[in-house]
Visitor: 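Starting off with a structure, shown below.
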Amino acid sequence: FTVKLLTGEDIPQMDSAMLEGMKRLITGTDENAPAKELVDPYVKVEFAGNDLESSFIEGCFDPIWNELLILHGDFPSIAENLILKLYDNDDFAVDDLIATKLLKMSDISQSSVDTGAGFQPMFGPAY
């Protein structure tokens, strides 16, 4: 199935000013240049043993991805949880985990034909 990743808002800065100074030394950036926004966000999607990552957007607190992430596998799945993790991409260190959101498939599936939202629940075998 497909996960449509649109935007993010007000992502917190994860790198310290000290790290920015180190990056300026390594890259040779002028120390009088305006400070770079150090959030390089990307999203990792986990579902039923499949992992996908979006592209990362360099130096942005309000990223716009507009990406479709396609999870391959059997659907309906026995898995109940879709996990979204927001990371800050780091070139010189381990990527920083900013946030995690767990979505239960039963919460976002259509519970009533009258609402017209979501999708019909299809968990488990149908005989």
Side-chain angles (χ1 to χ4, degrees):
F1 72 96
T2 304
V3 175
K4 187 171 186 178
L5 183 60
L6 299 174
T7 66
E9 294 179 358
D10 299 325
I11 296 175
Q13 182 175 352
M14 299 303 293
D15 296 329
S16 67
M18 182 184 81
L19 185 57
E20 182 175 349
M22 289 176 48
K23 285 184 180 181
R24 286 180 185 222
L25 283 174
I26 293 169
T27 61
T29 306
D30 180 16
E31 65 182 49
N32 296 324
K36 177 181 174 258
E37 297 175 340
L38 294 175
V39 180
D40 303 324
Y42 71 92
V43 175
K44 184 175 183 180
V45 178
E46 300 174 4
F47 181 72
N50 295 313
D51 294 344
L52 288 175
E53 290 182 5
S54 71
S55 59
F56 74 90
I57 300 179
E58 192 170 338
C60 186
F61 291 111
D62 298 315
I64 299 173
W65 285 282
N66 284 332
E67 292 184 24
L68 291 177
L69 303 176
I70 300 171
L71 292 162
H72 297 282
D74 296 329
F75 194 77
S77 173
I78 296 174
E80 165 69 4
N81 298 322
L82 175 75
I83 302 169
L84 302 171
K85 294 182 178 181
L86 178 65
Y87 284 93
D88 177 22
N89 183 59
D90 285 323
D91 293 331
F92 304 108
V94 176
D95 293 350
D96 299 316
L97 178 63
I98 299 172
T100 301
K101 177 65 178 173
L102 180 111
L103 298 173
K104 293 190 177 287
M105 297 303 283
S106 58
D107 290 345
I108 61 175
S109 65
Q110 184 173 338
S111 60
S112 170
V113 177
D114 298 334
T115 64
F119 56 90
Q120 291 293 329
M122 301 185 299
F123 296 106
Y127 298 103

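Worth saying up front: this structure is predicted, and the values here are computed from it rather than measured. If you read the sequence from its start, that first residue is 1, and numbering goes on from there.
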Visitor: Ignoring hydrogens, what is the shortest heavy-atom contact between L69 and E53? Give both atom names and the distance.
Guide: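 Looks like CD2-O, 4.0 Å.
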Visitor: Name all residues meeting the ring-ring contact (aromatic ring centres under 6.0 Å, His included) criterion together with Y87; count only those two or more places apart in sequence or in a different chain, and write none if there are none.
Guide: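 With sequence neighbours excluded, Y87 shows a ring-ring contact (aromatic ring centres under 6.0 Å, His included) to Y42, given in chain and number order.
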Visitor: Identify, with sequence neighbours excluded, every residue that meets side chain to side chain contact (heavy atoms under 4.5 Å, CB included) alongside L86.
Guide: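 Side chain to side chain contact (heavy atoms under 4.5 Å, CB included) list for L86, sorted by chain: I11, P41, V43, W65, I98, A99.
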Visitor: Return the set of residues passing side-chain hydrogen bond (donor to acceptor under 3.5 Å, both in side chains) with E67 (not counting sequence neighbours), or none when no residue passes.
Guide: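 Per chain and number, E67 pairs via side-chain hydrogen bond (donor to acceptor under 3.5 Å, both in side chains) with S55.
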Visitor: Output all residues satisfying side chain to side chain contact (heavy atoms under 4.5 Å, CB included) with T7, sequence neighbours left out; order by chain, then residue number.
Guide: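 Residues passing side chain to side chain contact (heavy atoms under 4.5 Å, CB included) with T7: I64.
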Visitor: Distance from N50 atom CG to I70 atom CD1, nearest 0.5 Å?
Guide: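 So the CG of N50 and the CD1 of I70 are separated by 12.5 Å.
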Visitor: To the closest 0.5 Å, what do you measure between CG (D51) and CD (E46)?
Guide: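 Atom-to-atom, D51:CG and E46:CD are 4.5 Å apart.
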Visitor: Please determine whether residues L84 and F56 belong to a single hydrophobic cluster, defined as Ile, Leu, Val, Met, Phe, Trp and Tyr linked transitively by side-chain heavy-atom distances below 4.5 Å.
Guide: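 No, L84 does not connect to F56 through the hydrophobic network.
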Visitor: Any sub-3.5 Å donor-acceptor pair from N81's side-chain atoms to K104's backbone N or O?
Guide: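 It does not hold such a pair.
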Visitor: Do you know which two heavy atoms are closest between I57 and P63, and how far apart they sit?
Guide: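 Between these two residues, the closest heavy atoms are CD1-CB, 3.7 Å.
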Visitor: How is the hydrophobic cluster of I83 composed, in terms of its other members, when Ile, Leu, Val, Met, Phe, Trp and Tyr link through side-chain heavy atoms under 4.5 Å apart, directly or indirectly?
Guide: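 For the cluster that includes I83, the remaining residues are L102.
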Visitor: For D10, which residues count as a side chain to side chain contact (heavy atoms under 4.5 Å, CB included) partner, sequence neighbours excluded?
Guide: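 With sequence neighbours excluded, D10 shows a side chain to side chain contact (heavy atoms under 4.5 Å, CB included) to D62, given in chain and number order.
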Visitor: Write down the atom of V45, the atom of V3, and the distance for their closest heavy-atom approach.
Guide: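 Closest heavy-atom pair between V45 and V3: CG1-CG2, 4.2 Å.
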Visitor: Roughly how far apart are T2 OG1 and L71 CG, rounded to 0.5 Å?
Guide: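 These two atoms lie 8.0 Å from each other.
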Visitor: With distance as the sole test, does D90 use its side chain to make a donor-acceptor pair with the main-chain N or O of D95 at under 3.5 Å?
Guide: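 Between the backbone of D95 and the side chain of D90 there is no qualifying donor-acceptor contact (under 3.5 Å).
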